[in-house]
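Worksheet for the structure shown next.
Below, chain A is the first sequence line, B the second, and so on; all start at residue 1.
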Number of protein chains: 2
Amino acid sequence: MNLNQVLAGFRERGLKLTPQRQQIVMVLLAAGRPLSAREIADLVHRSFPNIGLGTVYRTLEALRGFGLLDEILFPDGGKRFEFHRQHQHHLICLGCGQAVAFPFCPADCLVKVAEQNPDFEVRGHTFAVFGYCRDCRETGGQGE
Amino acid sequence: MNLNQVLAGFRERGLKLTPQRQQIVMVLLAAGRPLSAREIADLVHRSFPNIGLGTVYRTLEALRGFGLLDEILFPDGGKRFEFHRQHQHHLICLGCGQAVAFPFCPADCLVKVAEQNPDFEVRGHTFAVFGYCRDCRETGGQGE
DNA sequence: CTACATGCAAAGACTTTGCACAGTT
DNA sequence: AACTGTGCAAAGTCTTTGCATGTAG
């Protein structure tokens, strides 16, 4: 997933390529981990001090609309957003929020599911692993 | 997962077993699919017309606290709650919201993840498949 | 120039919290 | 009797929406 791909997505749909949108996309790409709407707004705020949360949400909705964005529910109940990089899933630290992508996909499960439920039209799936990274384990970040 | 197991959970922790809590638990067990906080409140409302949403949320938080409850993010952005039945995951219809459990778990992925990230302490994972069931496909429920 | 996007603010949805009273143990 | 839970309502947080203005195409 790169910037141009995403920008092309807007164009294809007749949506406009405003500087704010570009910045939102760049922030998401640069973070390399799931961000909350608020985090995105704060980061974009550096370049666009007047940006409204509405703009962030509208942009996220657009990205989600053309299938480029995943929404992830963290165990703390908060939602985060990130581009899905052609089928990677994530290892997410509950202490520091760092996310590491891993290339394994529960494909065999999907196949079994599809076999046993031929009438079900699969449209998507989610898979995420939560836990604590080494740093957070060492610093006691695993506190419940 | 059955009623007594859950009720024992409250007892073990010195929490009280009020009729409202029992009803909330029963509603969740009876539904057999993920419910939103609002749905739970509405269902419990039949038995306890005065129940407050606060009570529902507090009970859900307690259940989550002792690890009996999963929180699932639907593609529409809404959260749903349900007991995790000893490691089943779900096939969830985006049209009618019906959920069917399936026994496959992306265990091999978890193993690979653990192998390649020995410093990461895995605490949990989520896996869900979304799509459209036969009824919803036939009735055009798959509209985007 | 036209249509769509932005910023702002209000509205709406969802969730948490404080408090007085009630109910469980 | 002690202490926790409940209902209610207010407060907080998160997200969506309306509208006048701005700007990309």
Side-chain angles (χ1 to χ4, degrees), chain A residues 3-4 6-28 34-66 69-81, chain B residues 4 6-27 34-66 69-81:
Chain A
L3 185 56
N4 289 329
V6 181
L7 301 187
F10 281 103
R11 232 172 280 226
E12 282 164 19
R13 272 150 257 258
L15 300 177
K16 293 182 178 170
L17 244 176
T18 66
Q20 289 91 331
R21 284 183 175 171
Q22 293 184 46
Q23 190 60 31
I24 290 171
V25 170
M26 291 205 289
V27 160
L28 278 165
L35 298 175
S36 67
R38 184 56 120 86
E39 285 174 312
I40 295 167
D42 288 346
L43 290 167
V44 174
H45 194 263
R46 296 178 191 167
S47 318
F48 298 88
N50 294 325
I51 194 160
L53 262 171
T55 299
V56 173
Y57 279 108
R58 278 182 287 230
T59 301
L60 291 175
E61 195 192 336
L63 291 168
R64 213 149 63 86
F66 40 97
L69 200 71
D70 286 337
E71 206 174 349
I72 297 176
L73 184 61
F74 272 43
D76 68 1
K79 293 180 204 163
R80 308 288 148 84
F81 302 84
Chain B
N4 289 328
V6 181
L7 300 187
F10 280 102
R11 232 173 280 228
E12 281 163 21
R13 271 150 256 258
L15 300 176
K16 293 184 179 170
L17 244 176
T18 66
Q20 288 92 331
R21 285 181 174 172
Q22 294 185 45
Q23 190 62 29
I24 290 170
V25 170
M26 291 207 288
V27 160
L35 297 176
S36 68
R38 185 57 122 85
E39 285 174 311
I40 295 167
D42 288 346
L43 289 166
V44 174
H45 194 263
R46 295 178 190 167
S47 318
F48 297 88
N50 294 325
I51 195 161
L53 262 172
T55 298
V56 173
Y57 280 108
R58 278 182 287 230
T59 301
L60 291 175
E61 195 193 337
L63 291 169
R64 213 148 65 86
F66 39 99
L69 200 71
D70 286 336
E71 205 173 350
I72 298 176
L73 184 62
F74 272 43
D76 66 3
K79 293 181 203 161
R80 308 288 148 85
F81 302 84

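For dG5(D), the OP1/OP2 oxygens have a side-chain nitrogen or oxygen of R21(B) closer than 4.0 Å. Between Q20(A) and dT23(D) there is no side-chain N or O to OP1 or OP2 distance below 4.0 Å. Between T18(B) and dT24(C) there is no side-chain N or O to OP1 or OP2 distance below 4.0 Å. Not one side-chain nitrogen or oxygen of N50(A) sits closer than 4.0 Å to the OP1 or OP2 atom of dT6(C).
In this entry the distance linking CZ of R13(A) with C1' of dA24(D) reads 18 Å, nearest Å. In this structure, I51(A) atom CD1 and dG22(D) atom C1' are separated by 14 Å, rounded to whole Å. Atoms CG (D76(A)) and C1' (dT15(C)) sit 13 Å apart, rounded to a whole Å. Atom CD in E12(A) sits about 16 Å away from atom C1' in dG25(D), given to the nearest Å. The CZ atom of R38(A) sits 12 Å away from the C1' atom of dT15(D) (whole-angstrom rounding). Regarding R58(A), its CZ atom lies at a distance of 19 Å from the P atom of dC14(D), rounded to whole Å. Atom CG of L60(A) and atom P of dT15(D) are 9 Å apart (whole Å). The CG atom of L73(A) sits 13 Å away from the C1' atom of dC14(D) (whole-angstrom rounding).
Residue contacts shown for G54(B) include a base, since a base heavy atom lies under 4.0 Å away. Using a 4.0 Å heavy-atom criterion, one finds that L53(B) contacts the bases of the nucleic acid, with or without backbone contacts as well.
The two residues E39(A) and L35(A) have their closest heavy-atom pair at OE1-CA, 3.2 Å. Scanning both residues, A41(B) and L53(B), for their nearest heavy atoms gives CB-CD2, 3.8 Å.
Side chain of L17(B), nearest nucleotide from dT15(D), dT25(C), dT4(D): dT25(C). Proximity note for T55(A) (side chain, C-beta onward) versus dT15(D), dG5(D), dT6(C): the nearest is dT6(C). Comparing atom distances between the Y57(B) side chain and each of dA5(C), dT15(C), dA24(D) picks out dT15(C) as nearest. Among the nucleotides dC8(C), dG23(C), dT15(D), the one closest to the side chain of K16(B) is dG23(C).
Side chains of L15(B) and R21(B) form a contact here, defined as non-hydrogen atoms less than 4.5 Å apart.
Of the listed residues (L60(A), I24(A), V56(A)), just one forms a side chain to side chain contact (heavy atoms under 4.5 Å, CB included) with F81(A), and that residue is L60(A).
Judged by closest nucleotide on DNA chain C, P49(A) is the one of P49(A) and E71(B) placed further toward the 5' end.
In the model, Q20(B) has no side-chain atom that pairs as donor or acceptor with a side-chain atom of T55(B) under 3.5 Å.
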